[in-house]
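Order of the sequence lines sets the chain letters (A, B, ...), proteins ahead of strands, with each chain counted from 1.
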Amino acid sequence: MTGMVRIWKFGDDIDTDALAPGQYMNAPLDQLSAHCLESVNAGFAVNVKPGDIIAAGFNFGTGSSREQAAQALRHLGVSAVIAKSFAGIFYRNAINLGLPVFECADTDQIRDGDTAELDLAQAKLVVAGDADPIACQPIPGFLMQILADGGLVPHLEKRFSAGKI
Amino acid sequence: MPQTLAEKIIATASGHQSVSPGDIVTARVDLAMIHDSGGPRRVKPILDRFGGTVWDPNKVVVVSDHYVPAHDDETRSIQALTKKWVADQGIRAFYDEKGICHVVVPENGHLIPGMFVVGGDSHSPTGGAFGTYMFGIGATEMAGVLLTGEIWIKVPETILIEWTGQLGPRISAKDMMLYTCGKLGMDGGQYQAVEYRGSAVAKLDMQERMTLSNMTAELGGQAGIIAPDETTAGYLRECGRTVENADFWRTDVGARLKAHHIFDASALEPQVAAPHSPANAAQVGDYNKVPVNVAYIGACTGAKLADLRMAAEVLRGCKLSSNVTLKIAPASLKDQEIAKNEGLMALFAEAGAEILPNACGICAGYGPDRLGEDVVCISTTARNFRGRMGAPSSKVFLGSPYTVAASAVAGYIADPREIQGRHR
Ligand code: SF4
């Protein structure tokens, strides 16, 4: 459970150049993150609070393989992204970096600025004031394991120390 | 059970008799490709936590193409780190300032049909033109591959894109992909395996096929594969490679497909995608006379030898519009040398083009040539997201090398079929 947090709502095709602009790609992560999504919502990086959730339309994270796109969101404290669909490389990167990502057909009813609580284990979003929770697709068990370990690196560290490599 | 080409490659790499879409399997990679931007500087800190060495230095290829040539302390240190890491790891396949990874890797014979390959770059599907299952991953996942030689994959369904008929004059693979992006959208590939075939595809040379596979990234496919044929074998012979089991590496008749799209190449018009999405594609006439300031012939998508020849065909005997700067960044040093021997580089110079290094250049928005405020550019690159190639106020239209060259001559977005002869 995330507790009650703010939702930041975005549209379709949010691309990796919006999430991690090329111009700041060789800057340190905190500088890069300060520009995260600025071309779509100038107030986002300044005002987002740890725990907040992003909701979006189709094809979130489209574009480059740069994982700073997911890293910047994590750095800013975003606790999960819920979208109608994700670009494949972004989806893998997010899981590998320990950022939960949920596919959800019903993000249209979520509004920017809503407050909500996300149940990660049950893949359910409860929006304040709404009677029914919004069901998301559960993350496959194998990937949940990587997320639970905190991302791919800690997951591999566990495997290494267990001698499974 | 009839199988798709993607299923055959993944089954082989994961040591299974057969696999089915939706299965999550662990596969051994035949090759891992990384570049200077997402490569050593990002994977080294992770590898160092595990003892620091790659699983097999003979299966790793490294290309410096994003931050070259270095132009400040930051980029110089990236290049120095890349060189040192490659030497420390004992990696022999290192291409330093030889061109863009997706072009340099196949031109050196690293890809053959049936291989299962990962690349640390989103345009890694380019390798699919060789009947290879190749896809892009991020740096952390690449570090995992470099440590273990393995990666998990959810077996994709196959989306077949068949092009019947033949392309008309001055219409190219780039037009085919812009059209497809316009039709299916940037998530039309649904992170599945896209396979290209049909009479128009069969007739394309390898570099044009690479353009199809390359822009599978813009379609949102995981891989963009083309079954090998005589053209593939011929290209590989030139690189000193032979194709084994060529008849096996194809989709069986009756294999289960997710979708089968049939498009008619004979009816295709030159395509242009308006800012800020490759899916904003329409035929060139819809953007006729939109003035441009910069014409860019660059990138793995649009500055290979085949692309340079297309541009040269249009530019021959023409003068650039005084309102346009034409910048050409040949995709590889090898392609540039062949172009030079064919007289194309002299032709470009004579037309007034500026030649940039064999690197990603403006495409990635890195380096000093980034587009300035309010610049309108027509480009042979693959993506035109807001701010990618420079200032957020700049606008990028995408077109084929023919269309970009024609627009450089006209000063506005122009149909390449109408430029011929007019400016001689
Ligand atoms: S040329 Fe552009 S698309 Fe190709 S690898 Fe470089 S940055 Fe990526």
With only heavy atoms counted, which part of [X] is less than 4.5 Å from chain B, the side chain, the backbone, both or neither?
{"X": "A:Glu157", "answer": "both"}
{"X": "A:Asp13", "answer": "side chain"}
{"X": "A:Ile95", "answer": "neither"}
{"X": "A:Ser85", "answer": "side chain"}

Does any part of the side chain of [Y], heavy atoms only, come nearer than 4.5 Å to the side chain of [X], both counted from C-beta?
{"X": "A:Met25", "Y": "B:Tyr67", "value": "yes"}
{"X": "A:Ile89", "Y": "B:Phe135", "value": "no"}
{"X": "A:Glu67", "Y": "B:Arg42", "value": "yes"}
{"X": "A:Arg92", "Y": "B:Ile151", "value": "yes"}

Heavy-atom distance under 4.5 Å to chain A: side chain of [X], backbone, both or neither?
{"X": "B:Glu141", "answer": "both"}
{"X": "B:Arg388", "answer": "both"}
{"X": "B:Glu218", "answer": "neither"}
{"X": "B:Ala217", "answer": "neither"}

Heavy-atom pair with the smallest gap, counting every atom of [X] and [Y]:
{"X": "A:Val153", "Y": "B:Phe50", "answer": "O-CZ, 3.7 Å"}
{"X": "B:Arg386", "Y": "A:Ser39", "answer": "CD-CB, 4.2 Å"}
{"X": "A:Leu143", "Y": "B:Trp152", "answer": "CD2-CZ2, 3.4 Å"}
{"X": "B:Ile137", "Y": "A:Ser65", "answer": "O-CB, 3.7 Å"}

NZ/A:Lys84: more than 12 non-hydrogen atoms of other groups inside 6.0 Å = yes
Take atom NZ of A:Lys124 as the centre, draw a 6.0 Å sphere, and report whether it contains more than 12 heavy atoms from other residues, nucleotides or ligands.
-> no
In terms of heavy-atom pairs under 4.5 Å with chain A, the winner among B:Gln222, B:Met186, B:His276 is B:Met186
In Å and rounded to the nearest 0.5 Å, what is the [atom1] to [atom2] distance from [X] to [Y]?
{"X": "A:Asp15", "Y": "B:Arg383", "atom1": "CG", "atom2": "CZ", "value": "8.5 Å"}
{"X": "B:Met389", "Y": "A:Asp17", "atom1": "CE", "atom2": "CG", "value": "11.0 Å"}
{"X": "A:Ile14", "Y": "B:Phe385", "atom1": "CD1", "atom2": "CZ", "value": "11.0 Å"}
{"X": "A:Phe160", "Y": "B:Thr148", "atom1": "CZ", "atom2": "OG1", "value": "7.5 Å"}
{"X": "B:Thr140", "Y": "A:Leu97", "atom1": "OG1", "atom2": "CG", "value": "4.5 Å"}

What residue in A:Pro140, A:Ala70, A:Pro21, A:Gly63 has the most heavy-atom pairs under 4.5 Å with chain B?
->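 Answer, by heavy-atom pair count under 4.5 Å with chain B: A:Gly63.
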So which of A:Thr16, A:Leu152, A:Asn26 has the biggest tally of heavy-atom pairs under 4.5 Å with chain B?
->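 The candidate making the most pairs under 4.5 Å is A:Asn26.
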